[in-house]
Amino acid sequence: MKSVADIFTIVAVCAGSFFFLAGTVGLLRFPDSLTRLHALTKADNLGLGLVVLGLLPQANGFLGGLKLVAVWLLVQLAGATVAQVIAEALRRRGPPP
Amino acid sequence: MTIIEALDIGLAFLVLGVAGWTIAAHEAFTAVIGYVVYGLLLALVWVRLFALDVALTEAAIGSGVTGVLLISAAVRLRASEAEMMHERLGIAPRLVAAALCLVAAAALAAVVLDMPDPGATLAPQARQPLAELGLGNAITAVLIAYRAFDTMLEKVVLVLAVIGVWSLSTDANWGGLAGPTRLERTEGPLAFLAQLLPPLGIIVALHIVWVGANEPGGAFQGGALLSAMALIVLMARLREAPAIGRRWLRVALISGPVVFLAIGLLGFALAGGFLAYPLGFAKPVIVFIEVFMTLSVAATLPMLVIGPPDRRPS
Amino acid sequence: MNAATLAGLSGAALIGLGLYGVLTHPHPLRKLLSFNVLGSGVFLMFGIIARKGAAAGLAADPVPQALVITGIVIAFSATALAVALLLRLFAVDRSATLRPDATIERNDRSDA
Amino acid sequence: MTSLLVWSLAVPIGGALLAFVVGGRRVHWFALATLPIGLAIAIAIAAALSRSSGPLLYLIGGWSPPLGVALRADWLSAIMMVITAVVICGIAAFACGDFISPRPAEARRPFAFWILLLALWSALNLVFLSGDLFTLYVALELLVFSAVPLVCLDGRAETLRAALRYLLFALLGSVLYLVGTGLLYGACGTLDIDLLAACLRPEPVTLVAASLMTAGLLAKTALFPLYLWLPAAHAGAPPAASAVLSALVVKGSFFVAVRLWFFVMPALPGEAATQVMSALAAAAIVFASLLALRQDRLKLLVAYSTLAQIGYIFLMFALAFDEGSGRMVQGSALVGGMMQAISHATAKAGMFMAAGMIYASLGHDRISELGGIARAAPLAALTFLLAGLALIGPPSSGVYLAKTLLLRAADNTGQWWWAGVLQVGGVLTSAYLILVVAHALAPMRRAPTPGHAAIPRLQQAAALALVLCSLVLGLVPWQPWLPLPVAMSGHGPLGLAALWSMLWPILIGVPVAYLLGRRGNRRPWRVALWLEDADRLLRQWPTAGASLVAVAVALAAAMFFGR
């Protein structure tokens with residue numbers, strides 16, 4: 001039983017890391033701010049989500065799991081807001097030359 | 001080399017790389033962003049050094065609140081950077097400076113390698129009275145019992161910093177609302193966040209303060225979180241910052257050091273000495289002090305970030 | 001090499017980097033940033049001393065760790081005071097330079 | 001009785017916090033109410049110390065070191081606390097003329113000044129009493145945080161710039177001090193001064209720590225060549241603030257340096273490092289005194305005089321080194337240095353106040369246009385003159401006693417060169433005073449700017465009282481507190497030799513002032529121009545910063561190889 005949970009953790013965290021990696025590559029390689037933002041939010045969203053999902057079986061009881069999920073939700077909230085604010089600032093500055 | 005060691009080395013290089021980037025960046029704004037990232041990476045290093053309390057403080061204050069302060073400063077100072085480009089040093093003075101700094105860093109590195117392991121420690125002495133104090137977190141015990149005096153003084157430093165910042169206002173603006181002149185209130189995602197997050201943040205902050213007696217956490221970390229909530233509300237312009245003459249604000253600002261000092265002086269009468277806690281009541285007294293310290297940290301940090309009043313009092 | 005020594009060496013390197021920034025950057029805000037890097041390097045030195053003092057079932061000596069917490073708060077207050085000074089200077093003078101004779105030169109220029 | 005140590009900190013801190021929360025236009029009441037209590041506590045501590053056999057000790061919270069923090073009052077703390085209390089009282093009396101809110105509402109300048117004055121006082125008391133290196137760090141930070149805003153209370157660009165330079169350089173100094181603190185903890189597992197003294201051995205860690213801490217403290221004290229922040233900050237602040245900064249604040253970090261070298265690690269530095277310290281001090285005396293001759297504003301001249309005086313108080317380091325035991329000894333050299341520090345504190349506070357009053361009555365402080373000041377503000381001019389005399393050291397003054405002790409120490413240790421520096425310094429001090437007096441005696445060039453109110457009596461009295469205090473410090477019976485050589489107690493204050501020792505520097509000072517002093521549009525000597533260039537270079541940030549690291553490296557090298 002333990003090993004199944006461990007394998008699940010490894011697979012999920014690895015998948016999450018892959019999304020982070022992809023997001024970072026996007027951040028570095030994409031041409032303008034809006035597309036970079038797009039790459040970044042995907043990484044936050046799915047990458048962290050998978051990492052949290054993978055860590056859930058390892059969590060310290062129900063409360064520990066709840067904390068992990070709370071972390072994910074808070075990062076979602078903060079990431080979405082920051083993305084909106086940055087996009088808003090970009091729009092105000094006008095289209096890229 | 002184990003995988004943990006490889007990760008440690010990777011982390012160290014990452015920290016140094018981002019720090020170097022912060023120092024070398026062309027624009028101040030870029031450098032500040034680098035610094036915020038650096039602060040978060042540093043928090044990871046602190047976790048690796050088994051210093052969770054420090055990691056929390058570094059992430060919240062060293063990276064978070066300092067980041068907000070520096071980002072807004074970098075934006076407001078953008079116009080000053082071009083003028084100062086011609087003050088940049090030539091290559092020769094830079095080399096001299098680099099050589100001197102290299103000598104200093106090398107001496108310190110040699111000292112680090114020379115340090116005995118295990119080294120000198122107060123851990124056994126710090127651990128022994130924990131049960132008597134009713135605490136589980138030795139760092140909290142150091143901060144609020146063994147070296148309570150330093151902590152109290154450091155709260156006074158915070159108040160002095162507020163006075164110093166306020167004193168940079170003008171005579172005409174004295175007594176006005178704290179902080180720079182703001183635009184009208186905005187709607188949108190930030191306002192939404194500023195309405196949604198604070199209740200949650202307050203609960204988490206209280207939790208951090210409460211568990212601080214036994215686990216990582218405490219007044220600094222909780223207070224920093226509360227002040228972050230206040231800053232979000234101020235940044236979204238849901239609320240104006242208070243006028244600096246408001247009594248409740250001043251009471252909140254000094255509540256930490258005053259309660260600390262008062263309890264310390266009460267110790268003369270009740271526990272046989274300054275900052276001595278009465279036998280058997282140490283835990284409630286410590287929690288009482290922590291509550292007020294949290295309050296004053298939560299009031300002080302936003303005041304320091306938003307700066308002196310910039311408008312005439314109405 | 002263990003994590004503590006590695007962190008200590010990083011601390012020494014950060015102190016060198018920060019010191020270099022404080023010495024060479026002309027802009028006060030950059031000096032302040034470098035000062036914060038320097039400060040965090042110093043705190044890391046405390047961190048490894050704490051870690052090497054692990055004993056009595058504690059993973060690290062709590063005393064240096066507590067000192068670091070106090071130090072971080074003081075460093076923040078110092079940064080806030082310096083930023084306020086800098087913003088005020090820029091508001092009054094439209095210049096953030098730290099050169100000692102800057103104001104006098106400007107007065108001379110406006111006199112002439 | 002030892003709880004007095006706590007009260008000496010709690011009273012000014014409590015006063016400052018209360019003043020902050022109550023606010024309003026009567027902030028100064030809290031300060032003025034606190035002053036006599038604080039003074040009484042300082043005197044009571046000195047009295048208790050004279051009856052006790054050793055230092056007074058207070059363990060905070062009952063936690064004994066190494067875990068806890070101790071307060072300790074020894075003879076150094078006691079005399080510094082009393083003098084600080086006296087000077088603060090004098091400055092507060094002076095400030096009543098400048099820092100009372102004119103409006104019925106709370107005003108910015110008085111609010112900041114009075115609270116910061118109290119905070120600064122508590123910080124100094126903490127510096128004098130703390131028995132723990134980290135508490136000393138917090139005390140130094142308290143000192144900086146209360147001193148920096150005082151520099152720029154008037155909000156002009158140049159004072160803001162001076163304050164920022166001061167803050168940044170002081171922070172750099174603090175951080176160097178902090179690294180050393182950490183390293184010493186790593187070596188001994190304690191930060192308590194007595195426990196460290198028993199534990200420290202000369203090994204790489206402790207020597208690196210010692211040199212970094214010392215360099216940091218020198219930066220905060222503005223010893224040559226680390227003085228970039230001082231002239232502008234001290235000369236630009238309002239007079240009462242200048243007086244506090246020059247008389248007291250620099251003594252705080254100086255005191256920590258003394259604690260470190262004489263009490264924490266007397267056996268660590270070794271002979272070469274003490275010579276490095278005294279060489280910097282000698283350079284400060286000569287260089288800053290010569291530059292004082294080149295200033296065209298009175299307050300700047302006084303600020304450069306402070307730089308030279310900082311040199312005087314650091315000169316004792318080489319003289320206090322005992323070759324036989326290889327340790328710093330707490331003998332007549334240390335007493336001489338401390339005596340110099342307290343005499344300078346009282347005299348310089350009075351001098352800055354006098355300069356402020358002269359500025360107020362003339363509307364400027366250009367030295368070349370001081371003519372007629374003796375008629376426009378006679379008491380201020382007299383105070384300035386007496387303060388200058390107090391720095392030269394007539395036989396009853398504290399400076400005279402200090403010089404005698406230092407010369408004796410130089411004689412005992414066979415280091416005649418430092419004695420020579422002392423004498424040269426006396427000549428140069430006389431020279432820049434003569435320069436001021438010569439200009440002041442000239443006839444008035446133009447009528448003083450009208451509209452300047454008369455100087456309040458209280459201000460004149462406060463400044464004069466402090467200067468007189470410095471002039472009689474040599475007559476105080478110091479025996480119960482200071483380890484004075486017995487022969488010193490009955491030195492003939494009015495002997496012919498003593499008078500001559502004061503007169504000859506003045507006589508030589510006249511031609512020096514004539515040759516090197518700034519006089520009208522006359523083309524200066526080339527040496528003077530070189531000096532001014534060097535001064536400009538040293539006040540540039542990169543030079544000063546590099547000097548700071550270089551001083552640290554030089555001290556470390558001296559400690560490693562010079563033992």
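Keep in mind the model is a prediction, meaning the values are calculated, not measured. Each chain gets a letter, A, B and so on, in the order its sequence line appears, and its residues count up from 1.
With hydrogens and angles left out, the side-chain atoms of C/His27 and B/Ser80 include a donor and acceptor closer than 3.5 Å. Checking C/Asn36 against C/Thr79 by side-chain atom types alone, a donor-acceptor pair falls below 3.5 Å.
Proximity to chain B involves both the backbone and the side chain of C/Leu44, based on heavy atoms less than 4.5 angstrom apart. For a residue to count as touching a neighbouring chain, one of its non-hydrogen atoms must lie under 4.5 Å from one of that chain's; by this rule C/Val83 touches chain B with the side chain only. Interface residue C/Tyr20: backbone and side-chain heavy atoms are both found under 4.5 Å from chain B. In this structure, chain B has heavy atoms under 4.5 Å from both the backbone and the side chain of C/Ala4. The parts of B/Ala25 that come within reach of chain C are both its backbone and its side chain, each placing non-hydrogen atoms under 4.5 angstrom from that chain. With a 4.5 Å cut-off on non-hydrogen atoms, C/Val68 touches chain B through its side chain but not through its backbone. Looking at C/Leu17, both its backbone and its side chain come within 4.5 Å of chain B, counting heavy atoms on both sides. The parts of B/Ala79 that come within reach of chain C are both its backbone and its side chain, each placing non-hydrogen atoms under 4.5 angstrom from that chain. Residue contact with chain C, scored on non-hydrogen atoms closer than 4.5 Å, involves the backbone and the side chain of B/Val165 alike. Neither the backbone nor the side chain of B/Pro93 comes within less than 4.5 Å of any heavy atom in chain C. Using a 4.5 Å cut-off between heavy atoms, B/Ala31 contacts chain C through both its backbone and its side chain. Contacts of B/Val32 with chain C are made by both backbone and side-chain atoms, with heavy-atom separations under 4.5 Å. Contacts between C/Leu29 and chain B at a heavy-atom distance below 4.5 Å involve the side chain alone, from C-beta outward.
The choice from C/Ile72, C/Thr24, C/Leu58, C/Leu32 that makes the most heavy-atom pairs within less than 4.5 Å of chain B is C/Ile72. Of the listed residues (C/Leu23, C/Val37, C/Ile15), the greatest number of heavy-atom pairs within a distance under 4.5 Å of chain B belongs to C/Val37. Ranked by non-hydrogen atom pairs under 4.5 Å with chain C, the options B/Leu158, B/Thr300, B/Leu102, B/Val45 are led by B/Leu158. Annotation: maximal heavy-atom pairing with chain B below 4.5 Å, among C/Leu33, C/Ile74, C/Leu67, occurs at C/Leu33. When each of B/Asp8, B/Leu143, B/Leu89, B/Leu77 is checked for heavy-atom pairs under 4.5 Å with chain C, B/Leu77 comes out on top. Counting heavy-atom pairs under 4.5 Å between each of C/Pro64, C/Ser77, C/Ala91 and chain B puts C/Ser77 at the top. The residue among B/Leu301, B/Leu122, B/Leu160 with the most heavy atom pairs within less than 4.5 Å of chain C is B/Leu122. In terms of heavy-atom pairs under 4.5 angstrom with chain B, the leader among C/Ala78, C/Gly21, C/Ala55 is C/Ala55. With respect to chain C, the highest number of heavy-atom pairs below 4.5 Å among B/Gln125, B/Met115, B/Arg48 belongs to B/Met115. Contact count versus chain B (heavy atoms, under 4.5 Å) is highest, among C/Leu86, C/Ile69, C/Ile48, C/Leu81, for C/Ile69. Chain C forms the most heavy-atom pairs under 4.5 Å with one residue out of B/Leu108, B/Leu168, B/Leu304, and that residue is B/Leu168.
Centroid-to-centroid, the aromatic rings of C/Phe43 and C/Phe46 stay 6.0 Å apart or farther.
The distance from atom CZ of C/Arg88 to atom CG of C/Leu85, rounded to the nearest 0.5 Å, is 10.5 Å.
At distances below 3.5 Å, at least one donor-acceptor pair connects side-chain atoms of C/Arg30 with backbone N or O atoms of B/Thr22. For B/Tyr146 (side chain) and B/Ala126 (main-chain N/O), a donor-acceptor pair under 3.5 Å exists by modelled atom type.
Among residue pairs with one or both ends in residues 138-156 of chain B, those qualifying as salt bridge (Lys or Arg N to Asp or Glu O under 4.0 Å) are B/Arg147-B/Asp150, B/Arg147-D/Asp132; sequence neighbours excluded.
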Inset, instruction - Would you check, one step at a time, whether the test side-chain hydrogen bond (donor to acceptor under 3.5 Å, both in side chains) holds for C/Ser95 with B/Glu83? - result: CA-CA 8 Å; C/Ser95 160; B/Glu83 185 220 18; 3.2 Å; yes
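Minimum heavy-atom separation, B/Ala219 to B/Met293: CB-CE, 3.6 Å.
The closest side-chain heavy-atom distance from C/Lys52 to C/Thr5 is below 4.5 Å. The shortest distance between side-chain heavy atoms of C/Phe90 and C/Arg94 falls below 4.5 Å.
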Would you list the atom pairs, donor with acceptor, under 3.5 Å between side chains in residues 49-76 of chain B and any protein atom, with sequence neighbours excluded?
from, atom 1, to, atom 2, distance (Å)
B/Asp53, OD2, B/Asn137, ND2, 3.1
B/Asp53, OD2, B/Gly217, N, 3.1
B/Thr57, OG1, B/Asp53, O, 2.7
B/Thr57, OG1, B/Gln221, NE2, 3.0
B/Ser63, OG, B/Val36, O, 3.0
B/Thr66, OG1, B/Ile61, O, 2.7
B/Thr66, OG1, B/Gly62, O, 3.4
B/Ser72, OG, B/Val68, O, 3.2
B/Ser72, OG, B/Leu69, O, 3.0

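Screening B/Val15, B/Ile33, B/Leu16 for a side chain to side chain contact (heavy atoms under 4.5 Å, CB included) involving B/Tyr38 leaves a single residue, B/Val15.
Crowding of B/His26 atom NE2: a count of heavy atoms from other residues, nucleotides or ligands under 6.0 Å not exceeding 12.
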